[in-house]
2 protein chains.
Amino acid sequence: MNLKELAAALNLSQTTVSRALNGYPEVREETRARVLAAAKAAHYAPNSRARRLATGRAMTIGHVIPLTGRAEMVNPIFADFLIGAGEVYAREGYDLLLSMVTDGDTDKAFRQLAANGSVDGIMVQAPQEDDPRIALLKELDLPFLVHGRTGDALGYNWLDIANIRAFRRATDFLLDLGHTRIALVNGQARFDFSQRRERGFREALAARGVSPLPHLMANDAMTESFGYLSAAAMLDGPEPPTAFLASSVIIAIGIRRAAADRGLRLGRDLSVICHDDELSYLNNDVGGPAFTATRSSIRAAGRRCAEMLIDLIRDPDQPPKQELWDVDLTVGQSTGPCPTP
Amino acid sequence: MNLKELAAALNLSQTTVSRALNGYPEVREETRARVLAAAKAAHYAPNSRARRLATGRAMTIGHVIPLTGRAEMVNPIFADFLIGAGEVYAREGYDLLLSMVTDGDTDKAFRQLAANGSVDGIMVQAPQEDDPRIALLKELDLPFLVHGRTGDALGYNWLDIANIRAFRRATDFLLDLGHTRIALVNGQARFDFSQRRERGFREALAARGVSPLPHLMANDAMTESFGYLSAAAMLDGPEPPTAFLASSVIIAIGIRRAAADRGLRLGRDLSVICHDDELSYLNNDVGGPAFTATRSSIRAAGRRCAEMLIDLIRDPDQPPKQELWDVDLTVGQSTGPCPTP
DNA sequence: ACTGTCTTTCAAAGCGCTTTGGGTTGCCAG
DNA sequence: CTGGCAACCCAAAGCGCTTTGAAAGACAGT
């Protein structure tokens with residue numbers, strides 16, 4: 001059943017039927033009711049391909065996931081973000097086009113999406129230092145929103161959490177407990193958020209005159225095994241840390257495993273603070289929060305980012321909008337005073 | 001730049017240019033080369049909306065994620081599956097349309113997708129007992145592939161792992177170590193895979209004349225906290241288990257936390273086997289496999305499912321194909337002989 | 001009765017591609 | 001020289017919708 005047939009069945013023109021269905025005012029209410037009833041009865045749904053061609057809008061938003069050879073570290077985080085964004089898209093009638101590309105091909109993918117008009121806007125996640133994607137998207141003149149930010153962070157739309165402040169606060173918390181040998185197990189160094197977190201960490205240490213220990217700082221994809229391996233190495237090495245700061249719950253879980261292997265009890269023998277994205281399947285709150293953590297729901301971020309992007313698509317000529325979310329520190333069972341040796 | 005302009009610039013008809021670009025034989029090679037060069041120079045990319053309308057194909061595959069009120073348990077697993085499938089789609093020129101729907105609206109979403117022709121096929125994940133989606137998709141006459149299976153499992157296309165066999169094997173392994181009070185911490189009971197896993201568990205016990213203990217069996221969304229809470233309750237209750245069988249690494253991590261809280265060492269005081277989907281960020285292999293596990297890469301499954309579905313879309317009239325993957329049992333550090341009290 | 005203004009409806013022109021159903025050439029066999 | 005056959009190329013007809021520009025009808029004001 002297509003529009004033509006429906007119109008014929010109703011003895012109306014396609015125009016009128018189309019307008020009736022799309023809520024235009026120049027149709028008599030009686031006619032509209034008749035059309036809507038017939039459409040419903042016939043299970044009519046406008047062909048989205050035709051509609052997209054006619055309107056010139058794709059009603060689709062693109063998420064491009066770069067598959068870096070080894071890690072796909074965004075993985076656990078991108079999934080929750082995606083779900084948050086997807087909720088909003090569904091509500092607003094947008095489709096979500098998910099595009100997996102091998103790392104070097106991101107440019108090509110963006111150009112392609114822009115040229116063939118299959119999306120109205122693009123969501124960018126986890127920007128790196130001077131991320132080339134941002135310049136490219138500006139050039140392509142495609143609405144986009146960045147989750148995170150980079151560089152001077154002006155001239156484009158983004159939403160980010162206050163990473164520096166969060167990690168400064170977390171570090172302060174550990175320093176207040178008497179820890180000085182604090183390890184930072186961070187994400188890959190190229191990511192902007194990793195750099196900001198490290199900066200917050202360093203600032204807090206510097207403010208107390210504590211110097212960071214290079215052998216207690218590690219950067220890599222935020223996996224459980226990375227947490228495990230780096231914690232194991234640090235704990236078994238010289239000058240072992242008394243506390244860890246981890247960029248993700250997943251890393252913290254690895255650290256916990258390394259601690260357990262060595263018979264160390266979190267909160268007593270060893271302290272751990274992590275950043276908690278509030279992943280739905282790694283709830284940190286059961287039985288009191290397991291980890292002391294800076295927390296910010298990545299899913300809520302996805303929702304908000306989607307809203308901002310849609311807003312931008314609907315009205316592309318507004319000045320760039322930015323949103324910076326502050327982050328709570330929740331005290332859990334994984335931290336305690338520095339053990340006196 | 002559109003086809004018309006490109007054709008005009010080349011002094012050729014749209015037809016010829018289109019054929020040249022799409023590799024049809026009735027164009028002279030010299031002409032084709034000329035067209036391709038011009039297209040490249042002009043950064044021409046056919047408008048996908050127009051192309052879709054003209055061909056009647058959406059070149060898009062739909063993944064519909066039901067958002068059940070609380071859990072979204074598929075979360076960590078669906079992400080890796082998605083990445084696997086997405087790799088294949090990208091390679092084959094298909095787009096991936098991700099649709100989030102609130103749980104009761106799955107039907108509506110499928111009908112919509114079918115009626116408005118925005119996808120050529122649908123991927124179905126985690127089927128439940130007598131999943132209504134399967135009947136619906138058959139009725140809608142839309143190619144679909146199920147990851148998992150349900151009911152008699154005939155008459156449609158699916159790929160599944162041998163859940164019964166895997167859990168029988170895992171249970172046997174624990175029985176061989178002398179365990180008899182074995183707990184099963186399983187996924188939600190409505191999922192077919194949960195039922196099969198429980199069946200494998202029961203079969204193995206029955207074969208040795210051991211009867212399953214109802215208080216040592218739990219079903220829920222496969223989160224870390226579920227693992228933690230059920231393990232905590234079981235370990236603190238009467239007749240505590242000496243071994244756990246967990247349906248996911250995430251659950252097992254929760255169990256490990258409960259064990260650590262109680263000063264129990266995995267592999268010595270308590271044994272844990274889990275099913276490992278080989279999630280990229282929860283690698284179980286670092287420093288020797290942490291958990292003894294039945295393993296099967298969910299990402300590889302995603303890849304294969306995508307291949308099968310595309311095959312089906314290209315040739316919809318072939319008889320239903322099924323694929324059943326066997327599952328390895330990898331021995332890790334989390335299991336050991338039953339401690340003699 | 002005539003003009004002007006609204007309201008309601010319609011025919012037809014796109015949107016940018018693919019594909020059908022011919023045309024032209026050029027060449028070779030008869 | 002003719003007919004037949006490839007090899008190339010083209011004009012035009014869709015695909016199913018939205019939207020423009022106009023017509024038709026109703027009604028009020030003059």
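Letters A, B, ... mirror the listed sequences (proteins, then strands); counts begin at 1. Only a predicted model underlies this, so the values are computations on that prediction, with no experimental measurement involved.
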Minimum side-chain heavy-atom gap A:F78-A:H63 below 4.5 Å
no
Within this structure, what is the CZ-to-C1' distance between B:R52 and C:dT19, rounded to whole angstrom?
19 Å
Look at the side chain of B:R149 and the backbone N and O of B:Y156, then say whether any donor-acceptor pair between them is shorter than 3.5 Å.
no
It should be established whether B:R28 places a side-chain nitrogen or oxygen under 4.0 Å from OP1 or OP2 of nucleotide D:dC9.
yes
Taking CE from A:M1 and P from D:dC17, how many angstroms apart are they, rounded to a whole number?
11 Å
What is the separation between atom CD on B:E26 and atom P on C:dT24, rounded to the nearest whole Å?
19 Å
Salt bridge (Lys or Arg N to Asp or Glu O under 4.0 Å) contacts touching residues 125-137 of chain A (sequence neighbours left out):
A:D131-A:R133
B:L324 and B:W158: side-chain contact (heavy atoms from CB on, under 4.5 Å), yes or no, with the steps?
CA-CA 8 Å; B:L324 185 63; B:W158 53 259; 4.3 Å; yes
Between B:L53 and B:N11, whichever has its closest DNA chain D nucleotide further toward 5' is B:N11
Distance check needed: D:dC17 P versus A:N2 CG, whole Å only.
5 Å
Over how many whole Å does the gap from A:R49 atom CZ to C:dG16 atom C1' extend?
15 Å
Rounded to the nearest Å, what distance is computed from the CG atom of residue B:L21 to the P atom of nucleotide C:dC17?
10 Å
Assess the residue pair B:I313 and B:E92 against the criterion (side-chain contact (heavy atoms from CB on, under 4.5 Å)); give the C-alpha distance rounded to whole Å, side-chain angles, the decisive distance to 0.1 Å, and a yes or no.
CA-CA 12 Å; B:I313 287 169; B:E92 302 291 333; over 6 Å; no
Within this structure, what is the CG-to-P distance between B:L10 and D:dC8, rounded to whole angstrom?
17 Å
Do B:S118 and B:T60 have side-chain heavy atoms sitting under 4.5 Å apart?
no
Residue pair B:I65 / A:L82, side-chain heavy-atom distance below 4.5 Å
no
Hey, does A:T31 reach any base, or is it just sugar-phosphate, or nothing, if we go heavy atoms under 4.0 Å?
sugar-phosphate
NA contact type, A:N116, heavy-atom cut-off 4.0 Å: base, sugar-phosphate, or nothing?
nothing
In whole Å, I'd like the distance from the CG atom of B:L12 to the P atom of C:dG23.
21 Å
Contact string for nucleotides 18-27 of chain D, one letter per nucleotide 5' to 3', B = base within protein heavy-atom range under 4.0 Å, S = sugar-phosphate only, - = neither, reads BBBB------
